[in-house]
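The structure appears right after this line, and notes come after that.
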Amino acid sequence: MPELPEVEVVRRGVADHVVGRRIRQVEFLHPRVTRRHVPGPDDAARRCRDRVVGDAVRRGKYLWLPLVDAEGHAPDALVVHLGMSGQLLVEGAEAPDEKHLRARWTFDDDGAELRFVDQRTFGGLSLEPLLDVADGGPGGRGTTDEAPWSRTIPAAVAHIARDPLDPAFDDADFARRVRARSTGVKRALLDQGLVSGVGNIYADEALWRARLHYERPTGSLRRAQVDTLLAALREVMTAALDAGGTSFDALYVNVNGASGYFDRSLHAYGQAGRPCARCSTPIRRESFMNRSSFFCPRCQTRPRVGASTPAR
DNA sequence: ATGATAGCCTGCCTGC
DNA sequence: TGCAGGCAGGCTATCA
């Protein structure tokens, strides 16, 4: 469900309401929520107890909280992935349990709880060792350079590429790698090892802005087109962030339970049958990768079959 | 190695 | 009204 802008909205909420507080206790209320934490839920709970939440850091769609021990070290982090329907909520203890409440953290200041709610249970939590990274940490948002964990990344996030809003994202390297692929451009955008944070909504929106068909072979993209696509991704994600994210229903909300309103600004995603904002041609929906792709058949012309010859 | 599928879950909406 | 089927913002494992 949530893509980069939505996860960033949640990160900011956690930064505002949870960072700096000491965890008293954590409860895991569903076996699937800690399925990625191999040592099991009891171990995860033990590692959370009495730790201070040092920060809220994001790369792509992954969010993590370095947990600081009594010596001021953060040997590991609580890694959160929202999956399709996960939510982090900050609520008073008196708030009734949500139907799909999966985890609850309480704090020694007796303030609001942190809760993880997840209808579809594709999301998950794990306690991961923080690994030193050679190329210098997640890239700025949420991490101060002085913080001892600023050049670390959780083991489970090490395979995730930087995202387009990361100041250290390398455009030239991305262009080289994407053009070396032999696949369609939307598949490449959704590959979190190539560029992270892009999901089905913002892939379709960026492709619409860049006037590229989703099946355009990556090998035929010119460098300037990759740059246009990156610019489109940054524009649409920044605009979505400013709008508080995209909410089609109550499944995506910020930590205070509020929806975002970027759905009103979508030009392609979910717009099947409605006129393209540029040329009035009805937006088309097609099935692709077991999901939907929305595009303008006039602005985003389908590549000719066999048009996969790499551009020079 | 890269590329492309199936599967994991629950709930809601549509059409018969 | 009931029920089957399709669909949903993601990732990982496992094939080719």
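Only this structure's heavy atoms are used, side chains among them; waters, hydrogens and symmetry mates stay out.
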> Is any side-chain N or O of A:Q192 closer than 4.0 Å to OP1 or OP2 of C:dC11?
Replying inline: yes
>> What's the closest nucleotide to the side chain of A:R187 if the choices are B:dG11, B:dA4, C:dG10?
In response: B:dA4
> Where the side chain of A:R181 is defined as all heavy atoms beyond and including C-beta, which of C:dC11, B:dG3, C:dG10 is the nearest nucleotide?
Replying inline: B:dG3
> Starting at the 5' end of DNA chain B and moving along, which residue's nearest nucleotide shows up first, A:N290 or A:D191?
Replying inline: A:D191
>> By nearest heavy atom, map A:R120 and A:A156 onto DNA chain C; which one lands nearer the 5' end?
In response: A:R120
>> Quick one: does any side-chain atom of A:R102 pair with a main-chain N or O of A:V33 as donor and acceptor, under 3.5 Å?
In response: no
> Side chain of A:D55, backbone of A:V57: donor and acceptor closer than 3.5 Å?
Replying inline: no
>> Assess, by modelled atom type and distance only, whether the side chains of A:T121 and A:R32 contain a donor and an acceptor separated by less than 3.5 Å.
In response: yes
>> By the 4.0 Å heavy-atom rule, please label A:R285 as base, sugar-phosphate, or nothing.
In response: sugar-phosphate
> Does C:dC7 pair with anything, Watson-Crick or G-U wobble, both distances under 3.5 Å, and if so, with which nucleotide?
Replying inline: B:dG11
> Less than 3.5 Å between a donor and an acceptor, one on the side chain of A:R291 and one on the base of C:dA8, is that the case here?
Replying inline: no
>> Strictly below 4.0 Å, N to O, side chains only: are A:R46 and A:D42 in salt-bridge contact?
In response: no
